[in-house]
There are 2 protein chains.
Amino acid sequence: MELNIDSTKNKLSTSGLKVTPQRMAILEAIYKLENHPTAENIIEYIRETHPNIATGTVYKVLDTLVEKNLIKRVKTDRDIMRYDGMMESHHHLYCSECDLIEDYVDEELDLILKNYFRDKKLPGFYLEDIVVQVRGTFDKC
Amino acid sequence: MELNIDSTKNKLSTSGLKVTPQRMAILEAIYKLENHPTAENIIEYIRETHPNIATGTVYKVLDTLVEKNLIKRVKTDRDIMRYDGMMESHHHLYCSECDLIEDYVDEELDLILKNYFRDKKLPGFYLEDIVVQVRGTFDKC
DNA sequence: TTATTATATGAGAATTATTCTTAATTAGGA
DNA sequence: TCCTAATTAAGAATAATTCTCATATAATAA
C-alpha cells in the first residue's frame, strides 16, 4: 500500500484530476484502512480530520477514483459496496463467518488461468480479466 | 432450468417450506427470467399474475430460498443484488458494456482449480468454494 | 501574483433498495 | 374439519446512495 503523500498527489494529477484535500484524504483513507472499507468506514475515518466533508462528496470522489482506475470496487454476496486500493491483479478470500475480505495474490494461479483461457476460447466473448473468489472460513473466525 | 410445477412444489416441501402460491411464483419467475433477475425484475414479472404480492414478501421469500439453497445470490461490481436459479457449481461471465451476467459452466476449469488448491494450502483458511468471475465484453454488446 | 474558468464541494433533499412491524390469512398436520 | 405455526399484505421505516445547485477552489494563463 502506498502511503506517501507526494505519490498520492501524483496519482491524482497523472489521472487528470485536480488535487483537492478531500480526494487526498479519501485516497489515503483507503490505503490506510485495512480490509476493504465501505463508504461508511471511509466517511467515519475521514471525519476525524475533515469534519465537514459531505457524504455526497465521498461517494462522488469514490466514483471518480474508480473511473480513473485508482481504486477498485469489491462486492460480496450480501454486503454493500467496498473499496480496494490495491490495483495489482489479485483475488479475494471471503470469510463465510464474518465480513472479512482478504486480498489474495497468487501469480502461479494467474499464470494457470491465463494459459487456460488463452487456449480455451469463449465464443462471442472478449476476455478482459479474471478474478477468483475463494470462499471459506479463517481459523480465527 | 426446471420449469415443471410439481418439481417446484417438491423443492419447496423437501426443504421443509410450506408450499404457497407466492413461493411457487417467485421460484418459477427465477427459472423463467433469464440473466439473473433483480428483486425488482421478479416483482414486476410476478405482478402480472399476482397483482397483490407485496414487495416485502418477495424479499422475504428470496431470503428464505437462498437460505434453503434453492437459489443463489449473484453480485456485480456496480449493481444491486441479483438471483440465480442454477444450483450446480458454476462461474459467471460479466459484460463490461452492459449488465449481462451469463452462467459459465466449465468442469475442466473446476478440476484444475480443485487440484491446484488441494496442493496449495492456504494457511489459516478452510476453503469451501471457488467462484471465477470472468470479465469481458460479448461481441453482441 | 492575480484573474479566469472549469471543476469540485457542501448541505441537505430525494431516491432506491431493502427491512421491519403488525394484523390478518393460510397451509398442512391432527 | 379444525388448529396452530408459518406466511403474507400493507405500508412505514431504514440505510445506502444519488442528485441539485449555490458556493468555493485548484489549475492555468496573463
Side-chain angles (χ1 to χ4, degrees), chain A residues 5-6 8-27 29-30 36-47 49-68 70-71 73-83 99, chain B residues 5-6 8-27 29-30 36-47 49-68 70-71 73-83 99:
Chain A
I5 289 182
D6 283 339
T8 306
K9 263 188 195 163
N10 235 6
K11 285 181 184 169
L12 288 171
S13 50
T14 308
S15 305
L17 295 175
K18 286 187 179 172
V19 177
T20 68
Q22 292 84 349
R23 284 177 177 166
M24 292 288 288
I26 290 167
L27 202 42
I30 293 168
H36 312 83
T38 62
E40 197 51 40
N41 296 150
I42 294 165
I43 290 166
E44 192 185 340
Y45 178 87
I46 286 186
R47 286 253 163 91
T49 47
H50 297 70
N52 297 334
I53 196 166
T55 58
T57 302
V58 175
Y59 281 103
K60 196 127 167 296
V61 168
L62 287 171
D63 280 352
T64 308
L65 296 178
V66 168
E67 197 181 309
K68 297 290 183 179
L70 293 176
I71 62 174
R73 277 185 230 279
V74 184
K75 200 170 177 188
T76 62
D77 271 0
R78 200 83 194 70
D79 247 354
I80 47 192
M81 201 61 69
R82 292 164 73 166
Y83 296 88
D99 68 344
Chain B
I5 288 183
D6 283 338
T8 306
K9 263 188 195 163
N10 235 9
K11 284 182 183 168
L12 287 171
S13 49
T14 308
S15 304
L17 295 175
K18 286 187 178 169
V19 177
T20 68
Q22 293 83 350
R23 285 178 177 164
M24 292 288 288
I26 290 167
L27 202 41
I30 294 168
H36 310 84
T38 62
E40 199 51 40
N41 297 149
I42 294 165
I43 291 166
E44 191 185 342
Y45 178 86
I46 287 186
R47 287 250 164 91
T49 47
H50 298 69
N52 297 335
I53 197 165
T55 58
T57 302
V58 176
Y59 280 104
K60 195 126 168 297
V61 169
L62 287 170
D63 281 352
T64 307
L65 296 178
V66 169
E67 198 180 308
K68 297 290 183 179
L70 294 177
I71 61 173
R73 279 184 226 279
V74 186
K75 75 191 144 287
T76 62
D77 270 358
R78 199 82 194 73
D79 246 354
I80 47 192
M81 200 62 68
R82 292 162 74 166
Y83 296 88
D99 67 344

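Just so it is clear, the values below take in all heavy atoms, side chains as well, and ignore hydrogens, waters and symmetry mates. To find a chain, count down the sequence lines: A is the first, B the second, and so on, and within it residues start at 1.
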How close or far is atom [atom2] of [N] from atom [atom1] of [X], stated in whole angstroms?
| X | N | atom1 | atom2 | answer |
| --- | --- | --- | --- | --- |
| B/Met24 | D/dT7 | CE | P | 15 Å |
| A/Tyr83 | D/dA16 | OH | C1' | 10 Å |
| B/Lys60 | C/dT19 | NZ | P | 12 Å |
| B/Leu12 | C/dT26 | CG | P | 18 Å |
| B/Ile43 | C/dA17 | CD1 | P | 9 Å |
| A/Asn52 | C/dG12 | CG | P | 11 Å |
| A/Leu62 | C/dA8 | CG | C1' | 15 Å |
| B/His50 | D/dT7 | NE2 | C1' | 14 Å |

Closest to the 5' end of DNA chain C, once A/Val61 and B/Lys18 are matched to their nearest nucleotides, is A/Val61
Taking for each residue the nucleotide of DNA chain C with the nearest heavy atom, is it B/Gly56 or B/Leu17 whose nucleotide lies nearer the 5' end?
B/Gly56
Which of the following nucleotides, D/dT7, C/dA8, C/dA11, is nearest to the side chain of A/Arg23?
C/dA8
Considering only side-chain heavy atoms of A/Gln22, which listed nucleotide, D/dA9, C/dT9, D/dT7, is closest?
C/dT9
Taking only side-chain N and O atoms of A/Tyr59, does any of them lie within less than 4.0 angstrom of OP1 or OP2 on D/dT17?
yes
According to a strict under-4.0 Å criterion, is A/Thr20 in side-chain N/O contact with OP1 or OP2 of C/dT9?
yes
Test A/Arg73 against A/Asp63 for side-chain contact (heavy atoms from CB on, under 4.5 Å), laying out the working first.
CA-CA 9 Å; A/Arg73 277 185 230 279; A/Asp63 280 352; 3.3 Å; yes
At under 4.0 Å between heavy atoms, what does A/Thr57 touch on the DNA or RNA strands: base, sugar-phosphate, or nothing?
base
[X] [atom1] to [Y] [atom2] distance, which is reported to the nearest 0.5 Å:
| X | Y | atom1 | atom2 | result |
| --- | --- | --- | --- | --- |
| A/Leu65 | A/Ile71 | CG | CD1 | 4.5 Å |
| A/Leu12 | A/Leu70 | CG | CG | 6.5 Å |
| A/Tyr83 | A/Leu62 | OH | CG | 4.5 Å |

Main chain of A/Lys18, side chain of A/Arg23: is a donor-acceptor contact present, judged purely on distance under 3.5 Å?
yes
Side-chain (B/Asn41) to main-chain (B/Thr38) donor-acceptor, under 3.5 angstrom:
yes
Given axes from five pairs at either end, by how many degrees does the helix from C/dT1-D/dA30 to C/dA30-D/dT1 bend, rounded to 10°?
40°
Could I get the full list of side chain to side chain contact (heavy atoms under 4.5 Å, CB included) partners for A/Ser13, not counting sequence neighbours?
A/Asn10, A/Val19
Pick the nucleotide of DNA chain D nearest each of B/Ile53 and A/Val19; which residue has the one closer to the 5' end?
B/Ile53
